[in-house]
Amino acid sequence: KNTLKKFNPELLAMYNLQGQASTLKYYEGLKSIKTIYSDMLQELKPGDFYYVVSDLDKLFNLDRSFFEKYKEKLKKLKLDARITALDTPLAQYFVTYAQNYNHQAKILPKETSVTVDAMITPHKLVIHQLDDPIAAIVIENKPAIQLQKEMFEIMWRALP
């Protein structure tokens, strides 16, 4: 909360951009996080991009059953789904079988440290903290989403 307060003026400025429909929301607790993921399934359309940077082991350990079901539902949407993840057993499995889930997946360099799950879609930028306290920031702002999408694509092209 203190970090969020520190950046409050910048976040408010982004929220109040002239001519842009923008929202910034803060969520706490695993139940709220699962609501974000479930809502995202309703918003995504076939062909949409869905880019993720994550520690998949930490994410799935929050509620393995929920995220397994989420993964199966995503598979049916036929998205441009790309995932970059820390080098963990689950990530290695996912890279091997990504095509079975209509995804592409790459492993981040060993020296990478990720403590959040970042999702970029045409509608939202979600930054979800994987360690306690479980929380997320959801940004709905087209220029911010476009910037993160471009940064993800640069990183994607640089990974083997």
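- Judged as a side-chain hydrogen bond (donor to acceptor under 3.5 Å, both in side chains), and not counting sequence neighbours, the contacts of E43 are K124.
- Shortest non-hydrogen contact noted between I33 and A135 is CD1-C, 3.7 Å.
- Counting only residues at least two apart or on different chains, the salt bridge (charged side-chain N to carboxylate O under 4.0 Å, His left out) pairs with a member in residues 29-40 are K34-D63.
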Show the atom names and distances, to 0.1 Å, of all donor-acceptor pairs under 3.5 Å that link a side chain in residues 152-159 to residues at least two apart or in another chain.
{"residue": "E153", "atom": "OE2", "partner": "Y51", "partner atom": "OH", "Å": "3.2"}
{"residue": "E153", "atom": "OE2", "partner": "K149", "partner atom": "NZ", "Å": "2.9"}

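- Looking at residues two or more places apart in sequence or on another chain, you find no side-chain hydrogen bond (donor to acceptor under 3.5 Å, both in side chains) involving T35.
- The minimum heavy-atom distance linking Y27 with V138 is given by the pair CE1-CG2, 3.5 Å.
- Here CG of L41 is found 12.5 Å from CD1 of I36. Values are rounded to the nearest 0.5 Å.
- Identified under the side chain to side chain donor-acceptor pair (under 3.5 Å) test for residues 98-114, with sequence neighbours left out: D87-K110.
- Of all heavy-atom pairs between L44 and P122, the closest is CD2-CD, 4.3 Å.
- Ion pairing of K75 with E72 is present here, as a side-chain N (NZ or NE/NH1/NH2) and a carboxylate O approach within less than 4.0 Å.
- Among residues two or more places apart in sequence or in another chain, the side-chain contact (heavy atoms from CB on, under 4.5 Å) test is passed with L147 by M151.
- A donor-acceptor pair is defined here as one N or O able to donate and one able to accept, closer than 3.5 Å; such a pair exists between the side chain of D57 and the backbone of L90.
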